[in-house]
4 protein chains.
Amino acid sequence: MARGVNKVILIGNLGQDPETRYTPNGNAVVNLNLATDESYKDRQTGQMVPRTEWHRVVLFGKVAEVAGQYLRKGSKVYIEGRLQTRKWQGQDGQDRYTTEVVVDMNGQMQMLDSRGDSGMGQGSAPAGRPQSSGYGGGQPSQGAPAQSSAPSGGYSQPSQGSMPEPVDDFDDDIPF
Amino acid sequence: MARGVNKVILIGNLGQDPETRYTPNGNAVVNLNLATDESYKDRQTGQMVPRTEWHRVVLFGKVAEVAGQYLRKGSKVYIEGRLQTRKWQGQDGQDRYTTEVVVDMNGQMQMLDSRGDSGMGQGSAPAGRPQSSGYGGGQPSQGAPAQSSAPSGGYSQPSQGSMPEPVDDFDDDIPF
Amino acid sequence: MARGVNKVILIGNLGQDPETRYTPNGNAVVNLNLATDESYKDRQTGQMVPRTEWHRVVLFGKVAEVAGQYLRKGSKVYIEGRLQTRKWQGQDGQDRYTTEVVVDMNGQMQMLDSRGDSGMGQGSAPAGRPQSSGYGGGQPSQGAPAQSSAPSGGYSQPSQGSMPEPVDDFDDDIPF
Amino acid sequence: MARGVNKVILIGNLGQDPETRYTPNGNAVVNLNLATDESYKDRQTGQMVPRTEWHRVVLFGKVAEVAGQYLRKGSKVYIEGRLQTRKWQGQDGQDRYTTEVVVDMNGQMQMLDSRGDSGMGQGSAPAGRPQSSGYGGGQPSQGAPAQSSAPSGGYSQPSQGSMPEPVDDFDDDIPF
DNA sequence: TTTT
DNA sequence: TTTT
């Protein structure tokens, strides 16, 4: 049924609140910006140097709902998914590629904070999601992680921003 | 020493021969284009649909030498590495990002073909490595890999091509 | 839904043909003895020393059927499952424990041999499994796998052998 | 250098404080009893049933020292290691097998509690840890994990207990 | 661009 | 008991 293996395992912290979107069918699609911290020994200096890597994570289905509801900026989380590279068009008409870690029903998401005291919240209401205007409004995610100029994958609401041109032509469920 | 986890596990086949480059220090750096095949059930049709995902893999150190020497187009391989996103400048001066699976001394590479009967070779001498002039000579790897407009990471030889502007400012070992 | 992670990833070769059994409900349960080979540097001698580790793998459901049908002694295989330790009673009435790698619908099995040229077959019919005398008859599997004195988990046919006392009290499906 | 893969990834909580021992060379060897919690759907009742699996984890080297110093009963931890089955002699002279997850310099251990507020410590003051009343004080971890009767692998101090007969014949470092 |  |  499958002739290959494509698996990603991450433990890190969210750089910002999750972004929740919905497919036309009402299914949640959640984007996370996840930082994994490591340190490595610089060969020149012999010093340990911290290295932070930012990952774009996209969750679908039930795990997306849980992530959207309970995770917050700063939350520590375990992610198991698969690598996927999407092609999209830049505003200049050129092809761009964004690689994401996709978590669907074959993946896994585990919250690693004790009692859901995940991040610090700082204004980002943890439940009920009141926060006025909603996601994506105003400045595009100011605590901006890598690849921030990439579109969120076409699962987005009507993109009122100029570019980089989300695909946004979903007339149905995402097909997996 | 590390406060996060960043791990990728792949099993797939090479879409082309490995590309070997060297750092100024003489260390091998090898790029692979690896295809992982899966299939998923299309929700619309109920049919199983094949899905091929292409991955950019970069190997360093000893594992790079082995990969460069024994892997060929078509080779089946197990890869364990970490995700890393590089920023580079497009010819239009805009930032681009490329995500790669980095395999260094903390990663792993396993050849999964029996007896090194990996690919077919087809002009690319699989054993003994005669091919005098070596890699990268002449045209810069015309069998362009996925995201081919991305530079190969600055580990490349003096890039005589116009763009997409390799970074190529390494005066020493890559620092990990 | 889960508050932990329990994952095993193996690539190795079968030490013998798979052992297929059936639950009262007719579901296949397959046992594998899988060898993983590594080598490590002996601190005393500085020499690389090969190390073979043997694993008991138990597959359920569809993946079990595929394994039973296509894998043979010598087959190379990728396994993704979870660790599980079973308690059983030795013939002396004492508790024993056997740890297995369980592969169910949440796990994965990938055959890594090209074209099913896996093992050698050597009399072990690949399909239909006629071989009258075969497994489980008479002496309790004399081609003894690791931890051979452990029962095969109660998924076995009526165990006529004396001991080590399989549990064998399944009146239904295994519950996962 | 290796022709197989043998990898275990666990996230769980310690059932008791770590047990630290030392090799004759003064290297730390730490044993953990780690519980991973999952839940699965019972096919009979359709109910989600919790399932706790206990794992024996053995750490060597630097990671052992960190584990021994900072982990406590209740600590949440990420473990990456390899499976290893040891043979030992029961008091009845019979062979027994214990499967452990070995974490050495090729493995990884990550503490997942915020700020080292891991467990409760119960008398074994780690460092800085005042631990007022503490969890589970009194009897040392009465919720004894699986395989508790297995010897700790010969890395133990002179075993004054009668059985199950630790091997304890190490005259040097463990060889990996 | 691979593989089955 | 496998494999290279």
Side-chain angles (χ1 to χ4, degrees), chain A residues 1-6 85 87, chain B residues 10-19 31-39 48 50-57 66 70-79 110-124 141-148, chain C residues 10-19 31-39 48 50-57 66 70-79 110-122 124 135 141-148, chain D residues 1-6 85 87:
Chain A
M1 202 163 288
R3 290 147 295 165
V5 172
N6 176 356
T85 298
K87 186 204 275 193
Chain B
L10 304 173
I11 294 180
N13 299 278
L14 299 204
Q16 57 193 200
D17 284 1
E19 300 168 32
N31 285 270
L32 307 179
N33 274 291
L34 187 69
T36 54
D37 291 309
E38 306 166 83
S39 53
M48 290 307 287
R51 168 169 57 197
T52 295
E53 191 66 34
W54 287 95
H55 309 271
R56 263 190 93 71
V57 179
V66 176
Y70 296 108
L71 295 180
R72 284 297 169 269
K73 179 179 176 178
S75 295
K76 174 165 286 194
V77 68
Y78 167 89
I79 287 290
Q110 298 281 327
M111 299 181 292
L112 296 176
D113 295 297
S114 15
R115 291 144 301 170
D117 63 321
S118 13
M120 46 293 223
Q122 44 139 57
S124 51
S141 90
Q142 62 288 65
Q147 304 183 341
S148 62
Chain C
L10 304 173
I11 295 181
N13 299 277
L14 299 205
Q16 57 192 203
D17 283 1
E19 300 169 33
N31 285 270
L32 307 179
N33 274 292
L34 187 70
T36 55
D37 292 308
E38 304 166 85
S39 54
M48 291 306 288
R51 168 171 56 199
T52 295
E53 191 67 34
W54 287 95
H55 309 271
R56 265 190 91 73
V57 179
V66 176
Y70 295 106
L71 296 180
R72 285 297 167 268
K73 179 179 177 178
S75 296
K76 174 164 288 195
V77 69
Y78 167 89
I79 287 290
Q110 298 279 328
M111 299 181 291
L112 296 176
D113 295 298
S114 15
R115 292 144 302 172
D117 63 321
S118 12
M120 45 292 224
Q122 45 136 53
S124 52
Y135 288 119
S141 90
Q142 62 287 62
Q147 304 183 342
S148 62
Chain D
M1 201 163 289
R3 290 148 295 166
V5 172
N6 176 357
T85 298
K87 186 205 273 194

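In the text below, chain A, chain B and the rest are named by the order of the sequence lines, each starting its count at 1. Source: prediction; values computed, not measured. Note that these values count all heavy atoms, side chains included, but never hydrogens, waters or copies made by symmetry.
Rounded to an integer number of Å, the gap from B:M111 CE to E:dT2 P is 21 Å. Between the CG atom of B:L34 and the P atom of E:dT2 there is a distance of 13 Å, given to the nearest Å. At whole-Å resolution of the value, NE2 in C:H55 and P in F:dT2 are 16 Å apart. Here F:dT1 presents its C1' atom at 10 Å from CG of C:L14, a figure rounded to the nearest Å. Rounded to an integer number of Å, the gap from C:R72 CZ to F:dT1 P is 20 Å. Rounded to whole Å, the distance from CG on B:L71 to C1' on E:dT2 is 13 Å. Here the P atom of nucleotide E:dT2 and the CG atom of B:N31 are 18 Å apart, to the nearest Å. Straight-line distance from the CG atom of C:N13 to the C1' atom of F:dT2: 5 Å, rounded to whole Å.
With F:dT1, F:dT2, E:dT2 as the candidates, the nucleotide lying closest to the side chain of C:A35 is F:dT2. The side chain of C:K73 approaches F:dT2 more closely than any other nucleotide in the set F:dT2, E:dT3, E:dT1. When distances are taken from the side chain of C:N33 to each of F:dT1, F:dT3, E:dT2, the shortest belongs to F:dT1.
Considering only residues two or more places apart in sequence or on other chains, B:V66 meets the side chain to side chain contact (heavy atoms under 4.5 Å, CB included) condition with B:Y70, B:M109, B:M111.
Within the 3.5 Å criterion, the main-chain N or O of B:A35 finds no donor-acceptor partner in the side chain of B:N13. In this structure, C:D37 contributes its side chain and C:T52 its backbone to no donor-acceptor pair below 3.5 Å.
Among the heavy atoms of the strands lying under 4.0 Å from B:T52 is at least one base atom, whether or not backbone atoms are also near.
Atom OG of residue C:S75 and atom CG of residue C:D17 lie 8.0 Å apart, to the nearest 0.5 angstrom.
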